[in-house]
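Take a look at the structure below.
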4 protein chains.
Amino acid sequence: MFKVDDRDPMPLYAQLERAIKFAVATGQLNIGDQLPTVRQLAVDLRINANTVAKVYAELERVGILGTRRGVGTFVQAHPADISRNGRQANNGKLDKVIDRALAEAASLGFSANDVLDNLINRRKKEKMKNG
Amino acid sequence: MFKVDDRDPMPLYAQLERAIKFAVATGQLNIGDQLPTVRQLAVDLRINANTVAKVYAELERVGILGTRRGVGTFVQAHPADISRNGRQANNGKLDKVIDRALAEAASLGFSANDVLDNLINRRKKEKMKNG
Amino acid sequence: MFKVDDRDPMPLYAQLERAIKFAVATGQLNIGDQLPTVRQLAVDLRINANTVAKVYAELERVGILGTRRGVGTFVQAHPADISRNGRQANNGKLDKVIDRALAEAASLGFSANDVLDNLINRRKKEKMKNG
Amino acid sequence: MFKVDDRDPMPLYAQLERAIKFAVATGQLNIGDQLPTVRQLAVDLRINANTVAKVYAELERVGILGTRRGVGTFVQAHPADISRNGRQANNGKLDKVIDRALAEAASLGFSANDVLDNLINRRKKEKMKNG
DNA sequence: GTGGTCTAGACCACG
DNA sequence: GTGGTCTAGACCACA
């Protein structure tokens with residue numbers, strides 16, 4: 001379901017947090033959906049349960065996840081809704097995110113146009129899949 | 001010149017490494033250019049000189065930078081040339097980079113289309129600037 | 001287990017790196033074996049833990065060692081397998097290594113023939129031990 | 001004439017010192033021969049003149065080189081003669097030197113036999129060249 | 001004054 | 001308790 005990479009210098013907890021936010025933001029997980037248990041996800045990702053628990057706790061703190069005692073952990077809100085500034089105020093952050101991606105692409109030998117092409121191809125594939 | 005952020009969970013050295021690769025990849029730094037001295041950059045970024053030295057050493061190890069003992073540190077090659085597999089083999093990596101960017105954008109409330117629009121706007125601005 | 005010498009002009013970390021490569025290359029350490037902890041080895045060798053950590057990190061970077069966060073450091077591959085060019089491309093390096101050894105031997109008053117004799121004697125002893 | 005390598009972690013001065021000892025020990029330089037001037041050698045090796053001067057001074061200190069004011073620097077004695085213990089006492093050191101070489105060879109994927117073969121080949125070539 | 005090496009010691013991520 | 005990151009600061013090699 002989610003992916004983390006041992007060799008990435010970004011801490012595992014940060015990777016997992018981003019992955020869950022992504023899944024919720026893109027609709028792979030919807031409000032009300034149940035997440036894997038801490039222990040199950042730890043086993044799946046081959047990381048320590050404490051690391052998973054820490055991420056769940058943090059996401060609960062910010063309101064994205066919610067826990068029902070004895071039942072499990074569920075999606076409670078969209079990260080975008082949480083992000084208290086809304087789209088307008090986040091425009092600058094989007095630029096930063098894209099800057100960073102273009103930087104990494106460049107260091108792999110790809111231009112902004114290559115990135116654009118990649119995105120357009122993704123959209124085409126998406127359309128074909130959906131009919 | 002470069003930027004690093006204390007609060008980012010990504011280690012400072014990884015941030016700086018990416019920033020330098022970016023600068024070289026995008027032509028802000030060209031082959032033969034001298035980089036700031038280890039100590040100067042440490043002062044500018046308000047981080048420890050050892051952290052900067054570690055980054056320079058790592059980038060030298062992979063061939064992007066070169067140092068002349070007692071003289072300074074210089075750009076030696078483009079990251080894209082170093083990336084020894086070439087574009088073909090790096091296509092998978094591009095996908096990963098873009099996946100990650102879309103994930104972050106999504107958690108800010110932006111869709112893949114928003115990212116696409118952003119990139120297209122950048123291209124328009126670039127064209128207007130150049131002619 | 002390993003040895004480093006303060007008075008050798010070769011940096012401690014380079015000495016240790018060579019010693020570990022040697023141990024792995026010669027089977028004193030096998031794939032999967034755990035290495036001493038960073039702190040323990042630092043104590044044993046009477047050097048700083050950071051110096052040991054630097055060596056482990058470097059050997060991990062090239063794939064000889066692998067670390068499991070919070071668990072320890074393990075042998076992951078043989079240096080000879082890593083040396084990605086294979087024997088053919090490493091022949092020139094072998095010449096350099098032998099040049100250097102002959103140089104040192106010569107400065108101690110030994111000729112290439114003395115070195116040859118020494119090697120032949122080693123082989124004889126080895127055979128007697130095994131046969 | 002001599003060679004030094006910027007990327008070798010061994011300090012330049014140590015590399016040069018070894019190279020000169022080697023040349024004298026192997027007869028490429030004989031007693032009475034003049035060495036290049038400090039400045040000339042610095043230019044040839046693309047290193048700083050101070051580094052060369054330091055090496056000459058050290059070798060003069062131990063008696064291998066001698067300086068005649070206003071004339072130049074000359075070979076004065078064989079390193080092997082200087083090495084005050086003589087061959088017998090240096091046998092242990094030879095073993096160490098060879099151990100180290102075998103270690104490096106092993107990490108390149110070569111066995112002790114490969115090293116032996118290499119040495120034997122060198123002897124053959126030497127014989128052919130000399131008749 | 002430049003980069004390189006090393007130390008001592010703090011704090012974090014992870015198990 | 002393990003490795004990872006970072007800091008402060010010393011001293012060395014080199015130009």
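Letters A, B, ... are given to chains in the order of the sequence lines, protein chains preceding strands, and every chain is numbered from 1. Because only heavy atoms are used, hydrogens play no part in the values below, and waters and symmetry mates are left out as well, while side chains stay in. Remember, it's a predicted structure, so these values are computed and weren't measured experimentally.
Annotation: salt bridge (charged side-chain N to carboxylate O under 4.0 Å, His left out) contacts of B/Glu60 (sequence neighbours excluded): none. Taking the salt bridge (charged side-chain N to carboxylate O under 4.0 Å, His left out) definition, one finds that D/Arg61 meets it with D/Glu58, sequence neighbours left out. In terms of the salt bridge (charged side-chain N to carboxylate O under 4.0 Å, His left out) criterion, B/Asp6 has no residue partners (sequence neighbours excluded). In terms of the salt bridge (charged side-chain N to carboxylate O under 4.0 Å, His left out) criterion, residue partners of C/Asp99 (sequence neighbours excluded) are, by chain and number, D/Arg122. For C/Arg18, the side chain to side chain donor-acceptor pair (under 3.5 Å) criterion is met by D/Glu104, not counting sequence neighbours. Residues satisfying the side chain to side chain donor-acceptor pair (under 3.5 Å) criterion with B/Asn30, sequence neighbours excluded, are absent altogether. Evaluation of the side chain to side chain donor-acceptor pair (under 3.5 Å) rule for A/Asn50 yields A/Asn48 as partners, not counting sequence neighbours. Applying the side chain to side chain donor-acceptor pair (under 3.5 Å) test to D/Gln28 and every residue at least two apart in sequence or in another chain returns D/Thr26.
The CG-P distance, from A/Asn48 to E/dC12, rounds to 18 Å in whole Å. Rounding to whole angstrom units, CG of residue A/Leu45 and C1' of E/dG15 are separated by 15 Å.
Helical stems in DNA chain F, defined as runs of 3 or more consecutive Watson-Crick or G-U wobble pairs with donor-acceptor distances under 3.5 Å: E:1-14 with F:1-14.
Positionally, the nearest nucleotide of DNA chain E for B/Pro36 lies more toward the 5' end than for the other of C/Arg68 and B/Pro36. Both A/Ala14 and C/Ala14 lie near DNA chain E, and the one whose nearest nucleotide falls closer to the 5' end is C/Ala14. With DNA chain F read from its 5' end, the first of the two nearest nucleotides for D/Met10 and C/Gly70 is the one closest to C/Gly70. Positionally, the nearest nucleotide of DNA chain F for C/Thr67 lies more toward the 5' end than for the other of B/Ile47 and C/Thr67.
Rounding to the nearest 0.5 Å gives a distance of 11.0 Å between OH of D/Tyr13 and OG1 of D/Thr51.
In 5' to 3' order, the nucleotides of DNA chain F bounding all contacts with chain C (an atom under 4.0 Å from a heavy atom) are F/dG1 to F/dC6.
In the region residues 49-59 of chain B, proximity to DNA chain F at under 4.0 angstrom, judged on heavy atoms, holds for B/Asn50, B/Thr51, B/Lys54.
Backbone-only contact: C/Glu60 has heavy atoms under 4.0 Å from sugar-phosphate atoms and none from a base. In this structure, B/Arg39 reaches the bases: a heavy-atom distance under 4.0 Å links it to at least one base atom across the strands shown.
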Going through the distances and angles, do C/Gln15 and C/Val4 end up as a side-chain contact (heavy atoms from CB on, under 4.5 Å)? CA-CA 6 Å; C/Gln15 292 181 50; C/Val4 294; 3.9 Å; yes
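Here salt bridge (Lys or Arg N to Asp or Glu O under 4.0 Å) pairs that include residues 44-57 of chain A, with residues two or more places apart or in two chains, number zero.
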